[in-house]
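A short worksheet on the structure shown next.
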Amino acid sequence: MQKAIVAKVGDYGLRRCDRDDIPAVIQINVNTLPEHYSDYFYYEILAEFPETFLVAELDGEIVAYIMCRVEYGFSHLRRLGLARKGHIVSIAVTEKHRRKGIGTALVNACHEELLTKGASECYLEVRISNGEAIGLYERLGYKTTGQLESYYKDGEAAYLMAMQIAK
Ligand code: ACO
Ligand code: ZN
């Protein structure tokens, strides 16, 4: 059966991740990011948040993914307020498919799904040295709301970045 495409970027199709796609997602993560997770973690996120776990595909090959949780807690944007918020746990695009708008499309598609889940904002952590990713998030409208020292195992700090998604 044809899988439902949620968005297109040129010849790339964006659609929900399937359990069968998880090995390819893990491979992209291993190839592109220093932060790895247990296989179980991916299947858990997919089972709990299938709407915001998306992949980009070209001719049957998975070239990118985004995985995002929905959380409820303190707002990153309003002082002392509580909010339902998306948390982008991980996003990656295979190197040769970068700079074509896939990362942007994945975040935008994820925001759309988050809105239907009642989230008003979205946040993430990113290495302070990761200029590509910070550029992507800033272009989308994310603002740096904090810095988490020694956030990563190797001691690097993270920026906490957040954006309002509800109109
Ligand atoms: N240098 C500067 N700015 C960049 C770069 C770069 N190399 N790549 C992207 N950007 C910025 C630009 O503003 C770009 O817009 P433009 O091309 O019109 O100038 C904008 O981001 C959007 O680019 P896209 O094509 O939509 O992004 P892409 O598909 O290339 O994906 C991503 C960006 C996901 C950061 C990719 O580079 C990647 O997979 N990197 C390795 C993994 C990674 O760092 N993931 C994020 C970790 S943080 C987290 O997961 C929460
Ligand atoms: Zn996080």
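Quick note: numbers below take in every heavy atom, side chains included, and nothing from hydrogens, waters or symmetry partners. The first residue in the sequence is number 1, and the count goes up from there. Indexing begins at 1, ligand by ligand and atom by atom, following the structure's order.
- Between the Zn ion (ligand 2) and the N, O or S atoms of Glu125, the shortest distance is to OE1.
- Close approach of ligand 1 to Tyr137 is summarised as follows: ligand atoms under 4.0 Å from at least one heavy atom of the residue are 46 (C), 48 (S), 49 (C), 50 (O), 51 (C).
- Side chains of Glu138 and Met161 form a contact here, defined as non-hydrogen atoms less than 4.5 Å apart.
- Closest to atom 45 (N) of ligand 1, if we only count protein heavy atoms, is Ile91 O, 2.8 Å.
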- Task: Start with the C-alpha distance between Tyr123 and His76, add both sets of side-chain angles, then the distance that settles side chain to side chain donor-acceptor pair (under 3.5 Å), and finish with yes or no.
- Result: CA-CA 8 Å; Tyr123 80 98; His76 291 276; 4.7 Å; no

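- Proximity of Tyr12 to ligand 1, defined as any heavy-atom pair under 4.0 Å, is not found for any part of the residue.
- The pair Arg69-Glu48 fails the salt-bridge criterion, with no side-chain N (NZ, NE, NH1 or NH2) lying under 4.0 Å from an Asp/Glu carboxylate O.
- The shortest non-hydrogen separation linking Leu46 to Asp18 is CD2-C, 3.7 Å.
- Remark: minimum distance from atom 18 (O) of ligand 1 to any protein heavy atom is reached at Arg139 NH2, 3.1 Å.
- With salt bridges taken as basic N to acidic carboxylate O contacts below 4.0 Å, none links Arg84 and Glu71.
- Leu136 CD2, 4.4 Å is the protein heavy atom nearest to atom 32 (C) of ligand 1.
- Heavy-atom contacts of Ser90 reach the following atoms of ligand 1: 50 (O) (cutoff under 4.0 Å).
- Each of the following atoms of ligand 1 lies closer than 4.0 Å to a heavy atom of Ile88: 51 (C).
- Near Ala133, meaning under 4.0 Å from any of its heavy atoms, are these atoms of ligand 1: 35 (C), 46 (C).
- Numbered from 1 in the order shown, with element, the atoms of ligand 1 that lie under 4.0 Å from a heavy atom of Leu33 read 42 (C), 43 (C), 44 (O), 45 (N), 47 (C).
- For Arg98, heavy-atom contacts with ligand 1 shorter than 4.0 Å involve the backbone as well as the side chain.
- In this structure, Asp59 places its CG atom where only 12 or fewer heavy-atom neighbours from other residues, nucleotides or ligands lie under 6.0 Å away.
- Residue-level proximity to ligand 1 for Arg127 is absent, since no heavy atom of it falls below 4.0 angstrom.
- Expressed to the nearest 0.5 Å, how far CD1 of Ile88 lies from CD1 of Ile66 amounts to 4.0 Å.
- Salt bridge present: Arg127 and Glu35 bring a charged side-chain N and a carboxylate O closer than 4.0 Å.
- Annotation for ligand 1: atoms under 4.0 Å from non-hydrogen atoms of Lys100 are 25 (O).
- Tyr65 and Asp21 are not linked by any side-chain donor-acceptor pair at a separation below 3.5 angstrom, with hydrogens and angles left out of the test.
- There is no side-chain donor-acceptor pair under 3.5 Å between Glu95 and Thr32.
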- When you look at Asn29 and Tyr42, which way does the side chain to side chain donor-acceptor pair (under 3.5 Å) test go after all the steps? CA-CA 11 Å; Asn29 170 270; Tyr42 292 89; 3.2 Å; yes

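- Not close to ligand 1: Glu35, with no non-hydrogen atom less than 4.0 angstrom away.
- Closest protein heavy atom to atom 7 (N) of ligand 1: Glu132 CG, 2.9 Å.
- Heavy-atom proximity to atom 12 (C) of ligand 1, evaluated over Met67, Arg99, His97, is greatest for Arg99.
- The contact set between ligand 1 and Gly101, taken as ligand atoms under 4.0 Å from a residue heavy atom, comprises 24 (P), 25 (O), 26 (O).
- Distances below 4.0 Å separate heavy atoms of Glu125 from the following atoms of ligand 1: 48 (S), 49 (C), 51 (C).
- Residue Asn130 has at least one nitrogen or oxygen atom sitting less than 3.5 Å from a nitrogen or oxygen atom of ligand 1, judged on distance alone.
- A centroid separation of less than 6.0 Å is found between the aromatic rings of His111 and Tyr142.
- Ligand 1 has an N or O atom lying under 3.5 Å from an N or O atom of Val93, backbone or side chain.
- The protein atom (non-hydrogen) at minimum distance from atom 26 (O) of ligand 1 is Thr104 OG1, 2.5 Å.
- A salt bridge is defined here as a Lys NZ or Arg NE, NH1 or NH2 lying under 4.0 Å from an Asp or Glu carboxylate O, and Lys85 with Glu121 fails to meet this definition.
- Gly103 N, 2.8 Å is the protein heavy atom nearest to atom 29 (O) of ligand 1.
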